[in-house]
Amino acid sequence: MAYAPYRTKRLLLAALAIPPGTAAAIEPLDTFSASVGGYVTRFDTRVRVDGDALGGTSIDLSKDLGLDADDMIGFARLTWRPFDRHEVGLSYFRNAVEADRRLERDIVFDDNVYAAAATVRGHYDVDAVEAYYTWWGFSQRNWALGPRLGVTWYRIELGLELEADVNGDPVAGGTLEDSVSADLPAPTLGAAWRWTPAEDWRVSADAGWFSTEINDIDGDVIYARAGVEWHPWARVGLMLDYTLSDIDARTEREAFTGRLQMRNSGLRVGVLYRF
């Protein structure tokens with residue numbers, strides 16, 4: 001038919017008129033998104049718990065207590081952009097580990113002394129809720145950039161219980177045991193970036209840092225995240241990202257006096273619903 005070549009030319013001209021990198025089917029920013037998935041975590045944590053009479057020992061939870069918190073845990077995340085340039089988000093995960101370990105050195109924990117060669121049972125629980133706000137001050141057709149204010153609230157509990165003395169004899173009822181818990185806010189101030197390099201793909205990155213002295217907590221916090229999303233369907237996609245949170249905090253609170261050095265990192269894989 002005579003109109004077919006003419007129609008083809010029109011389609012080619014229309015395709016050439018589109019600037020490179022702007023023909024993405026998915027936009028850099030969503031109005032709403034919800035994602036769930038698995039989080040392959042690694043917690044590298046050192047804790048010192050001071051008592052009223054004795055200074056505590058710096059404890060490496062992995063080397064000293066066998067609390068290797070490398071695990072696959074679940075996570076959930078929500079984001080909402082109620083206005084064109086304003087976005088808020090919320091995410092949650094929880095991790096809990098416990099182990100028995102024969103101590104290789106004396107440990108002082110909240111005024112209790114656990115002697116070398118004794119066997120102790122330790123447990124370590126972490127609940128984390130992250131909230132953030134981003135103002136997308138620079139927004140184009142296939143990318144967006146803006147300042148980001150975030151805070152992750154950690155609820156941490158660490159406990160020790162004597163299982164056997166230095167001779168290996170069981171201790172009935174855990175006559176020596178103690179635990180501490182702390183609520184640790186970790187704020188960060190940084191930037192967020194979104195980019196759609198191809199039709200069904202989106203790349204994202206967030207980073208922040210903060211030095212804080214609030215609520216008898218004096219600490220430094222670093223946060224970073226980088227990820228990629230694939231959206232083969234209009235509303236549903238797959239996500240993969242890597243996150244890092246590094247905290248070095250000194251506390252002088254009634255529930256926990258001492259120092260916490262915690263690095264939480266890992267890969268998250270999940271399914272994302274968006275519109």
Could you tell me whether the side chain of Phe256 reaches within less than 4.5 Å of the side chain of Val47, counting heavy atoms only? yes
Donor + acceptor pair across side chains of Glu87, Thr134 (<3.5 Å): no
Ala115 versus Val166, closest heavy-atom pair with distance: CB-CG1, 3.8 Å
Identify the heavy atoms of Asp106 and Ala116 that sit nearest to each other, and give their distance. OD1-N, 2.7 Å
Intermediate values then yes/no, side chain to side chain contact (heavy atoms under 4.5 Å, CB included), Arg274 and Thr79: CA-CA 9 Å; Arg274 57 167 291 275; Thr79 72; over 6 Å; no
For the side-chain hydrogen bond (donor to acceptor under 3.5 Å, both in side chains) test, which of Asp218, Thr251, Asp248, Asp50 pairs with Arg259? Asp248
Hey, can you tell me if Phe83 and His86 have their rings parallel, tilted or perpendicular (30° and 60° cut-offs)? perpendicular
Taking all atoms of both residues into account, what is the closest heavy-atom pair of Pro232 and Gly237, and its distance? CD-CA, 4.4 Å
State whether the number of non-hydrogen atoms from other residues, nucleotides or ligands found under 6.0 Å of Phe32 atom CZ is greater than 12. yes
Quick one, Met262 and Ser245 - any side-chain contact, counting heavy atoms below 4.5 Å? no
Which of these, Asp30, Asn142, Thr196, sits in a side-chain hydrogen bond (donor to acceptor under 3.5 Å, both in side chains) with Arg202? Asp30
So which heavy atom on Thr188 is nearest to which on Gly208, and how close? CB-C, 4.0 Å
May I ask whether Trp136 and Phe275 are part of the same hydrophobic cluster, defined by side-chain heavy atoms of I, L, V, M, F, W, Y residues being less than 4.5 angstrom apart, directly or through others? no
Taking the side chain as everything from C-beta on, heavy atoms only, tell me whether Leu90 gets closer than 4.5 Å to Trp80. no
Give a yes or no answer on whether the side chain of Arg42 reaches the backbone of Gly266 with a donor-acceptor pair at less than 3.5 Å. no
Can you tell me if Arg250 has over 12 outside heavy atoms packed within less than 6.0 Å of its CZ? yes
Starting at CZ of Arg121, measure out to CG of Leu65 and round the result to the nearest 0.5 Å. 12.0 Å
Is the shortest side-chain heavy-atom distance between Asn95 and Thr41 below 4.5 Å? yes
Testing the basics here: between Gly66 and Arg101, what is the closest heavy-atom pair and its distance to 0.1 Å? CA-NH2, 3.2 Å
Arg194/Asp206 salt bridge by N-O under 4.0 Å criterion: yes
Measure the OH-OG distance between Tyr124 and Ser179 for me, rounded to the nearest 0.5 Å. 14.5 Å
Shared hydrophobic cluster, Tyr132 / Trp153 (ILVMFWY, side-chain heavy atoms < 4.5 Å): no
Give a yes or no on whether Leu160 and Leu103 share a hydrophobic cluster (residues Ile, Leu, Val, Met, Phe, Trp, Tyr; joining criterion: side-chain heavy atoms under 4.5 Å apart). yes
Begin with the C-alpha distance, continue with both residues' side-chain angles, and end with the deciding distance and a verdict on side chain to side chain contact (heavy atoms under 4.5 Å, CB included) for Asn264 and Tyr39. CA-CA 11 Å; Asn264 168 30; Tyr39 187 16; 3.5 Å; yes
Can you tell me how far apart OG (Ser35) and CD (Glu229) are? Round to the nearest 0.5 Å. 8.0 Å
Validation row: Val221, Asp246 side chains within 4.5 angstrom (heavy atoms): no
Any chance the side chains of Asp127 and Tyr92 put a donor and an acceptor closer than 3.5 Å? yes
Over all heavy atoms of both residues, which pair between Ala34 and Leu78 is shortest? Give the atoms and the distance, please. CB-CD2, 3.5 Å
Nearest 0.5 angstrom please: Asp110 CG to Glu177 CD, how far? 12.5 Å
Interatomic spacing from CZ in Arg77 to CG in Asp241 - rounded to 0.5 Å: 6.0 Å
Asn167 (side chain) donor-acceptor with Asp169 (main chain) under 3.5 angstrom: no
Should Asp125 and Arg155 count as an ion pair when the cut-off is N to O under 4.0 Å? no
Show the numbers, then the answer: is there a side chain to side chain contact (heavy atoms under 4.5 Å, CB included) between Tyr154 and Ile247? CA-CA 11 Å; Tyr154 292 96; Ile247 300 170; 3.3 Å; yes
Single-linkage hydrophobic cluster, 4.5 Å side-chain cutoff, Val129 and Val88 together: no
Using a cut-off of 6.0 Å, state whether more than 12 heavy atoms not belonging to Asp52 lie near its atom CG. no
Determine the interplanar angle of the Trp230 and Trp201 rings, folded into 0 to 90°, and report it as parallel if under 30°, tilted if 30 to 60°, perpendicular if over 60°. parallel
Are Tyr223 and Ile217 connected in the hydrophobic side-chain network, where two residues link if heavy atoms are under 4.5 Å apart? no
Sort out for me which residue in Asp178, Val108, Thr57 forms a side chain to side chain contact (heavy atoms under 4.5 Å, CB included) with Tyr114. Asp178
Can you confirm whether Trp143 sits close enough to Phe138 that some side-chain heavy atom of one is under 4.5 Å from a side-chain heavy atom of the other? yes
Nearest 0.5 angstrom please: Thr45 OG1 to Ile59 CD1, how far? 11.5 Å
Which residue in the set Val126, Leu61, Leu67 passes side chain to side chain contact (heavy atoms under 4.5 Å, CB included) when paired with Val97? Leu67
Please report the C-alpha distance between Ile156 and Leu260 in whole Å, then the side-chain angles of each, then the deciding distance to 0.1 Å, and finally whether the side chain to side chain contact (heavy atoms under 4.5 Å, CB included) criterion is met. CA-CA 10 Å; Ile156 299 170; Leu260 173 69; 3.4 Å; yes
